[in-house]
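Okay, so here's the structure we're looking at.
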Amino acid sequence: MKAADLMTPRPACCFADTNLVDVTQMFVVHDAGAIPVVDRTTGRPIGIVTDRDVATRAVASGTDARKLTAGDCMTTSVVTVPLDADFDEVLDAMSENQVRRLIVVDDHGGVAGIIAQADVALHGRDKKSGELVKEVSKPEETSTATES
């Protein structure tokens, strides 16, 4: 199995100067926990903004998110793998770099996809664990109930 088989193709991406509020809206619209940040000219990944990055670098510090950009909160140590990386290479890259998500790049270094821990678990040798991760990772239904 290759990275191309594991990845979510064509993930939503942003630029370093994208407003952080817009990035968080991308999380919701695309049901994503991470948005790759790409160079405006080359399309190559220069960072990644995760929901955790927003929580720890913006919300927890009390900074007004409306005044921040993706570049202010992104993790710059981007870990990438090529489309043809095999399953073990993906696992090794995640393990060695202690990351939950990898960006998959095409032959030109542009973002082709993203692989999350859940994707690896779902395709791993232990299918039962993968199914558990899948269930835990389902998006919550939003409640429209109001308090009386």
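Basis for what follows: all heavy atoms, side chains included, without hydrogens, waters or symmetry-related copies. Throughout, residue positions are numbered sequentially from 1 according to the sequence presented.
Between the side chain of R101 and the backbone N or O of Q117 there is no donor-acceptor pair closer than 3.5 Å. A donor-acceptor pair under 3.5 Å links the side-chain atoms of R44 to the main chain of H108, judged by distance alone. Under a 3.5 Å cut-off, the side chain of D84 and the backbone N or O of A3 do not form any donor-acceptor pair. Formation of a donor-acceptor pair under 3.5 Å by the D53 side chain with backbone atoms of T50 is found in this model. Not one N or O on the side chain of N97 forms a donor-acceptor pair closer than 3.5 Å with the backbone of V99.
In this structure, V49 and V54 have side chains that are in contact, with non-hydrogen atoms separated by less than 4.5 Å. Inter-residue side-chain proximity for Q25 and D22 is flagged as met; some heavy-atom pair is nearer than 4.5 Å. In this structure, D5 and F87 have side chains that are not in contact, with every pair of non-hydrogen atoms separated by 4.5 Å or more. The shortest distance between side-chain heavy atoms of V37 and F15 does not fall below 4.5 Å.
Placement of I115 and V105 in two distinct hydrophobic clusters is found when ILVMFWY residues are connected by side-chain heavy-atom separations under 4.5 Å, directly or transitively. V78 is connected to V111 through a chain of hydrophobic side-chain contacts under 4.5 Å among Ile, Leu, Val, Met, Phe, Trp and Tyr, so both are in one cluster.
Remark: I103 CD1 to C13 SG distance equals 7.0 Å, nearest 0.5 Å. Atom-to-atom distance recorded for D86:CG and L91:CG is 9.0 Å, nearest 0.5 angstrom. Once rounded to the nearest 0.5 Å, the distance linking CD1 of I35 with CE of M26 reads 4.5 Å. Once rounded to the nearest 0.5 Å, the distance linking OG1 of T56 with CG of D51 reads 9.5 Å. L68 CG to C73 SG: the interatomic distance, rounded to the nearest 0.5 Å, is 5.0 Å. With rounding to the nearest 0.5 Å, the separation of CG in L102 from OG1 in T80 is 8.5 Å.
Each of L6, V104, D119, I48 was compared with I114 under the side-chain contact (heavy atoms from CB on, under 4.5 Å) criterion, and only I48 meets it.
Considering every non-hydrogen atom in both A70 and C14, the closest pair reads CB-SG, 3.8 Å. Of all non-hydrogen atoms in M74 and R57, the two that sit nearest each other are O-NH1, 3.1 Å. Considering all non-hydrogen atoms of both residues, V81 and A93 come closest at CG1-CB, 4.0 Å. Counting all heavy atoms, side chain and backbone alike, P36 lies closest to A12 at CD-O, 3.2 Å.
R40 and D17 are joined by a salt bridge, as a carboxylate oxygen and a charged side-chain nitrogen come within less than 4.0 angstrom of each other.
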Report the C-alpha distance between V120 and M94 in whole Å, list the side-chain angles of each, state the deciding distance to 0.1 Å, and finish with yes or no for side-chain contact (heavy atoms from CB on, under 4.5 Å). CA-CA 10 Å; V120 170; M94 287 180 138; 3.7 Å; yes
Apply the test side-chain contact (heavy atoms from CB on, under 4.5 Å) to residues D106 and L83: give CA-CA distance (whole Å), side-chain angles for both, the deciding distance (0.1 Å), then the verdict. CA-CA 6 Å; D106 61 24; L83 285 162; 4.2 Å; yes
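When only modelled atom types and interatomic distance are considered, T69 and D72 share a side-chain donor-acceptor pair under 3.5 Å.
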